[in-house]
Amino acid sequence: MMCLKRMSQLSFKPTAFLLFILGFYVAFSTPEDPINCSSHNTNCTVTNSYGTFPDRSICEAQKVFYPTQEEDLLRVVASASRNGKKMKVATRFSHSIPKWVCPEGQNGWLISTKYLNRVMEIDAEQRTARVQSGVTLKQLVEEAAKAGLALPYTPYWWGLTMGGILGTGAHGSSLWGKGSAVHEQVMEIRIVTPAPPEHGYAKLHILTEEDQHLNAAKVSLGLLGVISQITFKLEPLFKRSITYVTENDSNLENQVITFGQEHEFADIIWYPNQHKAVYRVDDRVPIHTSGNAVYDFIPFRSTPATQLQLLRTTEEAVEFTGDAEGKCLVAKTATNALIATAYGLTNNGLVFSGFPAVGFHNQIQASGSCLGSDRNTKTATLCPWDSRIKGEFFHQTAFSIGLSVVNNFIEDLKKLVELEPKAFCGIEMYNGILMRYVKGSSAYLGKQEDGVDFDITYYRSKDPMAPRLYEDIIEEVEQIGIFKYGGLPHWGKNRNVAFEGVMNKYKNADKFLKVKDEYDPERLFSSEWTDQVLGLKEGLMVSKDGCALEGLCICSNHNHCAPTKGYFCRPGKVYKEAKVCAGSGS
């Protein structure tokens, strides 16, 4: 067993300064509606919940449809197929960072699952749930709990749709059972695809566990068709006990595997500059165990718009002046406060009084209270990343590293920390590196082996030609993970560079492409960008001034960086094969 010291059970009263600082932290996002049309459901644009794609392009569509039932989907897909129209599926919140939602050109159609939002059936006897694809994780968790059931492993943010979760392979954290990916709990998928004229231009496929095509549909990237309904296997509702333990990170690389094997819902938050690792000791306990804990994760709470604007302005000023010490001070103050408040975990829904915090699974598995924010008053409070104000704006890099080499990856990152410790303060301002456990999957585009997912969030400038403070170090972290250790990028996050050559990392990539060709031979659900990601076309990596600053290329000459601002293309400090944009003083 690991030797972990329990974090101090502090009685903590937030100060005004602390509340100001805590509002700074951000990980995910939720806009009002990602689709905006100039006239009734026509001449539309679509974006993600950050308001900007990695390449900052504007995605257009001729028309958007809002089906409410499976029959509507069949009609829309048939009409598009008959007319040769490109299609893309958009979710209620368009949570994915990459351009999966963008149809090709300006004349494509969008199919929104916003009103495919019904929980069709909860079968308590069979322990299953059948839902439409636009149902949110929050809806499913709540409805299952009413029947005394639970979806065991989920992402931490409840503003995702179930269809979107399957589209990108979203997951929680566990090495136990079938692992933390939601798609491993899928029993059946009903999906509508294009069809030839003799089949009415649209076809409904009902895929069960006996059908090999389910392995393609479980992580589909939205490239096979439109998911109509999903049936999930549930478990009896249970209780969990959570304790956060803060340790020095000196032995992190040696503890990481054992810790995940010992605790069912384990994860780790790593603060490299502070040499801290916060271990989440999280396991099932008997249902009669006393406790009614609630997890309202602080970074997912609503924040006053004026506060968010000031925080962003402050961050921009720190970046502009190159004030690394300022970043480190803010990061240390805020992370200490988050640790002291147990990140928003309470023992009874109101107050945190100490560990362990015991509660029902549905009350602590995911959160997102800012989804109920009031956005219609002068003192509006919002999710911290709402793109309609000058709020949070960032890059997210996320990839999984196999357990066989994860200790080596952590050792390499520690070498970078030793060389440039302040470079990691910017990451710590976004609550450090989140490490979640994942298992190898039967899905063709799922995880290929058991591993650890590293989720890293960091500053992004509104100016695409403006380099970040310690630009080179974060780029090197990205390239070490993706290329040196063959990391699998999270399909719903990342900059373009993470997807370079990605299909070569999947042993069943050819099987996925075969199903894709069978279901959509005319490529109506594909785009030039998705073909580039799948390696079917060239052009994913561009070559233009400043492209490496936004992760649109790996620099091969100085113009790919920002030479007029003192940033040049250099080899990495630890991974010499890396090519990064380094400041002249680096």
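The chain is numbered in sequence order, starting from 1.
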Colleague: Identify the two heavy atoms, one from Trp158 and one from Gly368, that lie closest to each other, and give their separation to 0.1 Å.
Modeller: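 The pair with the smallest heavy-atom distance is NE1-O, 3.1 Å.
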
Colleague: Mark yes or no for whether Asn43, through its side chain, and Ser39, through its backbone, hold a donor-acceptor pair below 3.5 Å.
Modeller: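 A pair under 3.5 Å: no.
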
Colleague: How many angstroms lie between CD1 in Ile473 and OH in Tyr458, if you round to the nearest 0.5 Å?
Modeller: 13.0 Å

Colleague: Do Thr457 and Gln396 get their side chains close enough for a donor-acceptor pair, meaning under 3.5 Å?
Modeller: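 A donor-acceptor contact under 3.5 Å links the two side chains.
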
Colleague: Measure the spacing between CZ of Phe93 and CG of Asp33 and express it to the nearest 0.5 Å.
Modeller: 9.5 Å

Colleague: Using only atom types and a distance under 3.5 Å, with no angle test, would you say the side chain of Arg280 pairs donor to acceptor with the backbone of Val245?
Modeller: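 Here the side-chain-to-backbone pair does not exist.
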
Colleague: Check for a donor-acceptor pair, side chain of Thr113 on one end and backbone N or O of Leu116 on the other, with a separation under 3.5 Å.
Modeller: no

Colleague: Do the non-hydrogen side-chain atoms of Gln363 and Tyr295 ever get within less than 4.5 Å of each other?
Modeller: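 No; the side chains remain at least 4.5 Å from each other.
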
Colleague: Do the numbers put Lys462 on top of the ring of Phe393, so that NZ or CZ is under 6.0 Å from the six-membered ring centre and no more than 45° off the axis?
Modeller: yes

Colleague: Any side-chain to backbone donor/acceptor pair from Thr42 onto Gln62? Under 3.5 Å, distance only.
Modeller: no

Colleague: Is Lys414 salt-bridged to Glu253, cutoff N-O under 4.0 Å?
Modeller: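 Yes, this pair counts.
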
Colleague: Within this structure, what is the CD-CG distance for the pair Gln365 and Asp282, rounded to the nearest 0.5 Å?
Modeller: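 So the CD of Gln365 and the CG of Asp282 are separated by 11.0 Å.
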
Colleague: Does some side-chain heavy atom of Trp529 sit less than 4.5 Å from a side-chain heavy atom of Asn496?
Modeller: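 Yes, side chains in contact.
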
Colleague: Could you tell me if the side chain of Glu476 sits less than 4.5 Å from the side chain of Val574, heavy atoms only?
Modeller: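 Val574 vs Glu476: side chains touch.
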
Colleague: Evaluate the pair Cys547, Cys555 and indicate whether the two SG atoms are within a distance below 2.5 Å.
Modeller: no

Colleague: Can you say whether the rings of Trp100 and Phe499 are parallel (under 30°), tilted (30 to 60°) or perpendicular (over 60°)?
Modeller: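 Judged by the thresholds at 30° and 60°, the geometry between Trp100 and Phe499 is perpendicular.
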
Colleague: Charged N to carboxylate O under 4.0 angstrom, Asp249 versus Lys276?
Modeller: no

Colleague: Could you pull out all residues at least two apart from Ser96 that satisfy side chain to side chain donor-acceptor pair (under 3.5 Å)?
Modeller: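 Per chain and number, Ser96 pairs via side chain to side chain donor-acceptor pair (under 3.5 Å) with no residue.
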
Colleague: Once rounded to the nearest 0.5 Å, what's the spacing between atom OG1 of Thr161 and atom NE2 of His95?
Modeller: 10.0 Å

Colleague: So does Glu392 pair up with Arg312, basic N to acidic O under 4.0 Å?
Modeller: no

Colleague: We want to know whether Lys88 and Ser527 form a side-chain donor-acceptor pair, criterion being a heavy-atom distance below 3.5 angstrom.
Modeller: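 No pair is found: no donor N or O on one side chain lies under 3.5 Å from an acceptor on the other.
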
Colleague: Only one of Ile268, Val477, Ile410 passes side-chain contact (heavy atoms from CB on, under 4.5 Å) with Phe454; say which it is.
Modeller: Ile410

Colleague: Examine Phe352 together with Phe355 and report whether their ring centres are nearer than 6.0 Å.
Modeller: yes

Colleague: Decide, based on the SG atoms alone, whether Cys102 and Cys59 are under 2.5 Å apart.
Modeller: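 Answer is yes: Cys59 pairs with Cys102 in a disulfide.
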
Colleague: Any chance you could measure Asp472, atom CG, to Gln479, atom CD, to the nearest 0.5 Å?
Modeller: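 The CG atom of Asp472 sits 10.5 Å away from the CD atom of Gln479.
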
Colleague: Looking at every heavy atom in both Ile97 and Pro54, which two are closest together, and how far apart are they?
Modeller: O-CD, 3.2 Å

Colleague: Which heavy-atom pair separates Cys37 from Val64 by the least distance, and what is that distance?
Modeller: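 Distance-wise, the nearest heavy atoms are SG-CG1, 3.7 Å.
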
Colleague: Going by atom types only, do Asp463 and Ser461 share a side-chain donor-acceptor pair under 3.5 Å?
Modeller: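 There is no such pair between these side chains.
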
Colleague: Which heavy atom in Val219 sits nearest to a heavy atom in Leu445, and how many Å separate them?
Modeller: CG1-O, 3.7 Å

Colleague: Flag the pair Asp267 and Arg436 as a salt bridge only when some basic side-chain nitrogen lies within less than 4.0 angstrom of an acidic carboxylate oxygen.
Modeller: no

Colleague: My understanding is that only residues two or more places apart in sequence, or in another chain, count here; which of them pass side chain to side chain donor-acceptor pair (under 3.5 Å) with Glu411?
Modeller: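 If we apply the side chain to side chain donor-acceptor pair (under 3.5 Å) test to Glu411, skipping adjacent residues, there are no hits.
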
Colleague: In this structure, which one of Glu316, Glu428, Glu319 forms a salt bridge (Lys or Arg N to Asp or Glu O under 4.0 Å) with Lys327?
Modeller: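 The option that passes is Glu319.
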
Colleague: Looking at the rings of Phe399 and Phe409, which for Trp means the six-membered one, are their centres under 6.0 Å apart?
Modeller: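 Here the rings of Phe409 and Phe399 have centres that are less than 6.0 Å from each other.
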
Colleague: Give a yes or no on whether the ring-centroid distance for Tyr244 and Tyr343 is below 6.0 angstrom.
Modeller: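 Here the rings of Tyr343 and Tyr244 have centres that are less than 6.0 Å from each other.
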
Colleague: First locate atom CE of Met541, then atom SG of Cys553, and finally report the distance between them rounded to the nearest 0.5 Å.
Modeller: 7.5 Å

Colleague: Are any of the side-chain heavy atoms of Ile480 and Tyr485 separated by less than 4.5 Å?
Modeller: yes

Colleague: Can you confirm whether or not the ring centre of Tyr153 sits under 6.0 Å from the ring centre of Phe265?
Modeller: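 Tyr153 vs Phe265: aromatic centres under 6.0 Å.
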
Colleague: Taking 4.0 angstrom as the limit, do Arg56 and Glu550 come out as a salt bridge?
Modeller: yes

Colleague: Spell out, as yes or no, whether a donor-acceptor pair under 3.5 Å connects the side chain of Asn494 to the backbone of His490.
Modeller: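 Answer holds: yes.
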
